[in-house]
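All figures in this text were calculated on a predicted structure; none of them were measured in a lab.
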Amino acid sequence: MDSALEWHAAHAALSWQLEMGIDETLAEAPIDRFALEEAARAKAAAPVVAKAEAPAPVPPAPEVDAVAEARAMADAAGDLEALRAALAAYEHCELKKGARNLVFSDGVPGARVMIVGEAPGRDEDREGRPFVGRAGHLLDLMLATIGLSREENVYITNVLPWRPPQNRDPKPDEIAMMQPFLFRHIALAKPEVLVVVGNISCQALLGKRGITRLRGHWTEAQGLPALPMFHPAYLLRTPSAKRESWSDLLSLKARLG
Ligand code: URA
């Protein structure tokens, strides 16, 4: 048969099948429909095996109130060593994971003057002591001009005991977590006056920023006289501001008598 005839014959055969109501193409291989039916019957008769019970959903971990926990741990500390241990055991501040050392304090506990800085930088993180880098060196020089030193009569700490990555500003929740420790630190160190250096420290202790406006004006923090001052790191960048800091140092000296 030539191909045109084959096509017409096939077309006629398919049209006839459609007329007959055939709506399914047959597979190339034969299908044993008896066997299929048998299998379906066997499946229906098979006992229903109980599905393995899905494990009970794990209840979500109770939300931790990081600030409340900080407060409980800080308030339980009876002395400065216990407070340092409490901070070392506190696990809710992400900064701890990236820091090499806990930077707790330096100087003389119980000194009349307590300086509160912001956060450790690279040098402080490495040494585990506050204000040991360039800003710390300048701070020492400034204190020396009024007869103060961390070796004899000044106690120093920071709002944050761990270095923030790339020295970024601490986030509000990080400050909030560290506040109870800072407040307890002040209560245990019992200074006569606080020197609050930089905006972060003003935020943590005075609840406000704006160091240019605040500096040089005695105020109160944690029931103590507090003097906000420019941060020595700012003075390194802005030497012209040293004049104001000199005046603030004289004010501190006068307050101490
Ligand atoms: N700046 C701070 O505020 N604290 C330090 O310890 C070092 C630099």
Trace of the side-chain contact (heavy atoms from CB on, under 4.5 Å) decision for Leu143 with Ser149: CA-CA 6 Å; Leu143 293 173; Ser149 76; 5.9 Å; no
Hey, are the side chains of Met229 and Asp248 touching, using non-hydrogen atoms and a 4.5 Å cut-off? yes
With heavy-atom distances below 4.5 Å as the criterion, would you say the side chains of Leu224 and Val193 are in contact? no
Quick check: are there more than 12 heavy atoms from other residues, nucleotides or ligands sitting under 6.0 Å from CZ of Arg243? no
Checking the side chain of Glu124 only, and the main-chain atoms of Gly133 only, is there a donor and an acceptor separated by less than 3.5 Å? yes
Full working for side-chain contact (heavy atoms from CB on, under 4.5 Å) between Leu194 and Leu227: CA-CA 6 Å; Leu194 293 169; Leu227 178 65; over 6 Å; no
Within the side chain of Thr238, is there an N or O that forms a donor-acceptor pair under 3.5 Å with the backbone of Ala241? no
His185 meets the ring pair (Phe, Tyr, Trp, His ring centres under 6.0 Å) criterion, sequence neighbours left out, with Phe104, Tyr155
Output the distance between atom CD (Glu174) and atom CD1 (Ile200), rounded to the nearest 0.5 Å. 10.0 Å
More than 12 foreign heavy atoms under 6.0 Å from CZ of Arg122: is that the case here? no
To the nearest 0.5 Å, what is the distance between OG (Ser105) and CG (Leu188)? 11.0 Å
Do the side chains of Ile156 and Leu236 join up, straight or via other hydrophobic residues, at under 4.5 Å, putting them in one cluster? yes
Answer yes if Val132 and Tyr234 sit in the same cluster of Ile, Leu, Val, Met, Phe, Trp and Tyr residues linked by side chain heavy atoms under 4.5 Å apart, and no otherwise. no
In terms of heavy-atom contacts, His92 and Glu69 come closest through NE2-OE2, 3.0 Å
Could you tell me if the side chain of Met114 sits less than 4.5 Å from the side chain of Ile186, heavy atoms only? yes
Side chains of Arg112 and Asn153, heavy atoms from C-beta outward: is any pair under 4.5 Å? no
Can you check whether Trp162 reaches Leu87 side chain to side chain, under 4.5 Å on heavy atoms? yes
Closest approach of Arg184 to Gly78 (non-hydrogen atoms, all atoms of both residues): NH2-CA, 4.3 Å
Is Tyr90 close to Met178 at the side-chain level, that is, under 4.5 Å between some pair of heavy atoms? yes
Measure from the side-chain N and O atoms of Asp79 to the backbone N and O of Ala82, and report whether any donor-acceptor pair falls under 3.5 Å. yes
Should Leu182 and Val197 be regarded as members of a common hydrophobic cluster, given that ILVMFWY residues are connected when their side-chain heavy atoms come within less than 4.5 Å of each other, either directly or indirectly? no
Looking at CD1 of Ile211 and CG of Asn199, how far apart are the two atoms once the value is rounded to the nearest 0.5 Å? 6.0 Å
Is there a side-chain contact (heavy atoms from CB on, under 4.5 Å) between Arg100 and Arg126? Walk through the geometry before answering. CA-CA 6 Å; Arg100 287 201 208 173; Arg126 198 181 295 141; 3.5 Å; yes
Between the CE atom in Met177 and the CG atom in Asp65, the distance rounded to the nearest 0.5 Å is 10.0 Å
Linked, directly or transitively: Val196 and Phe181 (ILVMFWY side chains, under 4.5 Å): yes
Distance (rounded to the nearest 0.5 Å) between Glu91 CD and Lys96 NZ: 3.5 Å
Given side chains that start at C-beta, do those of Thr157 and Val103 come closer than 4.5 Å, heavy atoms only? no
Can you see which heavy atom on Gln222 is nearest to which on Leu205, and at what distance? CG-CD2, 4.2 Å
Shortest non-hydrogen pair, Gly136 vs Arg150, comes out as O-NH2, 3.8 Å
Rounded to the nearest 0.5 Å, the NZ atom of Lys242 sits from the CZ atom of Phe230 at a distance of 13.0 Å
Indicate the atoms forming the closest heavy-atom contact of Pro120 with Asp125, along with that distance. CB-N, 4.2 Å
Considering all heavy atoms of both residues, which atom of His217 and which atom of Pro228 are nearest to each other, and what is their separation? O-CD, 3.2 Å
Can you check whether Asn167 reaches Arg163 side chain to side chain, under 4.5 Å on heavy atoms? yes
Phe131, Val113: one ILVMFWY side-chain cluster at the under-4.5 Å cut-off? yes
Chi angles and distances behind the side-chain contact (heavy atoms from CB on, under 4.5 Å) call for His137, Leu141: CA-CA 6 Å; His137 185 58; Leu141 291 176; 4.2 Å; yes
